[in-house]
Amino acid sequence: MAKGTVVQKIIDRHFISGNKAPGEPVAIRIDQTLTQDATGTMAYLELEAMRVDRVKTEVSVSYVDHNMMQNGPENRNDHLYLQTVAAAKGVYFSRPGNGICHQVHLERFGIPGKTLLGSDSHTPTGGGIGMMAIGAGGLDVALAMAGQPFRMAYPKVIGVKLTGKLNAWCSAKDVILTLLSILSTKGNVGCIVEYCGPGVATLSVPERATITNMGAELGVTTSVFPSDAGTQAFLKAQGRGDVWSELIADSDAEYDRIIEINLAEVVPMAACPSSPDNIKKISDLAGTKVGQVIIGSCTNSSLRDLMMVAAMLKGRRVNDDVTFAIAPGSKQVLEMISRNGALADIIAAGARILEAGCGACIGQGQSPADGTVTVRTFNRNFAGRTGTKGDQAYLVSPETACAAALTGEFTDPRNLSFACPVIQDAESFLINDDMIIPPPKDGSNVEIIRKPTIGNPPENQPLPDKIDGSVVIKVGDKITTDHIMPAGIHLKHRSNIPVYAKVVFECFTESGSQSFAERAAAVRDQGRHGIIVGRDSYGQGSSREHAAICPMYLGVKAVIAFAIERIHSANLVNFGIMPLTFVNQADYDRIEQEDTIVIDDARDQLASGGMITAIVKRADGRNFAIELAHKLSDEDIKIILAGGRLHCTLD
Ligand code: MIC
Ligand code: SF4
């Protein structure tokens, strides 16, 4: 059972309490935290609500990378709050323009063997240097900053054994797309992926980080590479060789499952609309017209990636029918390609340069035209995430993206008329941490700036004895947090729950009909409770706790589905919403939107075991009982009964 693995070693070093058996709750110590601005304002408001004077972690960093358009005062209001609250609480502040949290953290803060909890689902990027880096809701990260342990299910460890070496034109992105084609985005809750085998040594840290980053799409807790000579070389080149230590699995390490990938057999791949596990070979898409190409996001915007793009573009020109944009992952990357001339090659070829940040990845600009194909090096292509309804977004490697930008259609880069450029790993990166503001030794006199668009986290009541529920919405499989809580143009309201709550499930609102928010508020105002009914893999995707806070604000007390994804389930608990599953999946078909679901003795039922009986009351008078289940720990139950984590002190 996962003995001698890197995962087990890191958990052992950080173990606080629990039962080290797969699926059982364990509590681990967190060394580092990261937040980004879109989830960070709530996290620091929560930290303030806990009355914590100074963070208790080894290192905590607050990044500004998501909300940078400054379309109206909201974004900058957030930044000012984040900068001042960071100084007050002992947190490093990475200013807007310094880059995407995951890229910068890897470059400047990550340490092999340490634990990192981040309020962003792509925090596992840190697994590229051998960290146990986990994404969580803002409240869990605030608790970690307050010195509380992180509670998670003891993982099953999936060993991915890499053999061989990648061929020219095939890259790390194709490796993770290959793994997504095997494991898909669902059914992997509670697992950690650990890479092993001789192929590991052939991949540089930026390549490994691309793989662990998009491992988030598998729905696993995190992904980890060992810390080896390659890790040492990367840290040395970042001027941080002193923080390196070796961390490798024992030669007889045992994994719960082994998947073998021969890197030499990996070919250029794409995740097709609209799921990261809808994988096809590029050769099967060849010839499909492409209208837009974007290189960037925390998955593929490292120096290695942009040097590859620059070398492919040098002396060539972007196809007339394609708009081509590039967002470097960090200021370090942008400054280096500016100084070494690669940026000039990119600009000369006709690319549009975007600032170092999330930008288009989270629907902040660059929406494609209706009915056109957009090809991106990002990690998510959930429907509508680009900001265009009915979008056709494909996720590919930088090599494949660039090939499409040059030819105007999907092109297997192996069929290009020129040879694959060879990109050497950087021997030394340009180090300039001027955009990272360290906290003062004593922050007690810092004035925290709180402009009017920054509200407080909403209050909740303890779970009532009787749930008099109304099914406010019934949805299908694979509902992502982008469906629940859209980002894009609404992202600027993250610090203002009453405003943001208006767009919960907006994508399901038919024009002229009532929105989810209006229906839920009407139910709440009658003194009743909202219930959300879903199917498989509910709550996939991001860590945004707003997908729990806003429904909570609108009076939702339970989500009932076939399966609920890890981070979202934890967020529901943290805000006092019951994550329940159907015992008989056929009951899903018997329930309609607007049905009444009554749970008598809800508090006792929740506390006394894993089963709950509810009565469904149909509009036509037919009533029937359904059985619901949960896998909540004793702590989770205590939190829900109290109405959320902010109302509850755990031992
Ligand atoms: C995302 O990629 O969906 C985000 C935006 O980075 C989210 C966080 C958020 O919603 O603020 C994530 O991945 O957790
Ligand atoms: Fe930012 Fe996109 Fe990465 Fe999320 S996935 S952190 S939005 S770059």
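We count ligands from 1, going down the list as the structure has it; atoms in each ligand are counted the same way. The model shown is predicted, which means the values in this text are computed figures rather than measured ones.
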Student: Under 3.5 Å between any N/O of T39 and any N/O of ligand 1: does that happen in this structure?
Tutor: no
Student: Would you mind checking which non-hydrogen protein atom is closest to atom 11 (O) of ligand 1, with the distance to 0.1 Å?
Tutor: R494 NH1, 2.8 Å
Student: For atom 13 (O) of ligand 1, what is the closest protein heavy atom, and at what distance to 0.1 Å?
Tutor: S121 OG, 2.5 Å
Student: Atom 2 (Fe) of ligand 2 and C361: any N/O/S contact shorter than 2.8 Å?
Tutor: yes
Student: Of all the atoms in ligand 1, which lie at a distance below 4.0 Å from a heavy atom belonging to H66?
Tutor: 4 (C), 5 (C), 6 (O)
Student: For Q36, which part has a heavy atom under 4.0 Å from ligand 1: side chain, backbone, both, or neither?
Tutor: side chain
Student: Which of the atoms in ligand 2, numbered in the order shown and given with their element, are less than 4.0 Å from a heavy-atom of I362?
Tutor: 7 (S)
Student: Report, as yes or no, whether the 6.0 Å neighbourhood of atom NZ on K186 holds more than 12 heavy atoms from other residues, nucleotides or ligands.
Tutor: no
Student: Specify the protein heavy atom at minimum distance from atom 4 (Fe) of ligand 2: its residue, its atom name, and the distance to 0.1 Å.
Tutor: H66 NE2, 3.9 Å
Student: Quick one: look up the protein heavy atom nearest atom 7 (C) of ligand 1 and list residue, atom name and how far away it is.
Tutor: S542 CB, 3.2 Å
Student: Is it the case that the ring center of F234 lies less than 6.0 angstrom away from the ring center of F429?
Tutor: yes
Student: Return the minimal non-hydrogen interatomic distance between L572 and I564, and the atom names on each side.
Tutor: CD1-CG2, 4.3 Å
Student: For ligand 2, does D120 get within less than 4.0 Å through its side chain, its backbone, both, or neither, judged by non-hydrogen atoms?
Tutor: side chain
Student: Name the one of N75, L491, I489 that satisfies side chain to side chain contact (heavy atoms under 4.5 Å, CB included) with M69?
Tutor: N75
Student: Which of the atoms of ligand 2 are close to N379, meaning less than 4.0 Å from one of its heavy atoms?
Tutor: 5 (S)
Student: For ligand 2, which atoms have a heavy atom of H102 less than 4.0 angstrom away?
Tutor: 6 (S)
Student: Which residue and atom name correspond to the protein heavy atom nearest atom 8 (S) of ligand 2, and how close is it?
Tutor: C298 N, 3.3 Å
Student: Which protein heavy atom lies closest to atom 1 (Fe) of ligand 2, and at what distance to 0.1 Å?
Tutor: C358 SG, 2.3 Å
Student: Taking the minimum heavy-atom distance to atom 10 (O) of ligand 1, which of R385, M42, R380, R544 ranks first?
Tutor: R544
Student: Can you find an N or O of S119 that's nearer than 3.5 Å to an N or O of ligand 1?
Tutor: no
Student: Take a 6.0 Å sphere around OH of Y92 and say whether it holds more than 12 heavy atoms from other residues, nucleotides or ligands.
Tutor: no
Student: Could you measure the distance from the CZ atom of R208 to the CG atom of L106? Nearest 0.5 Å is fine.
Tutor: 11.0 Å
Student: Looking only at distances, can you tell me whether any N or O atom of D482, backbone or side chain, sits closer than 3.5 Å to an N or O atom of ligand 1?
Tutor: no
Student: Please determine whether any non-hydrogen atom of Q36 lies less than 4.0 Å from an atom of ligand 2.
Tutor: no
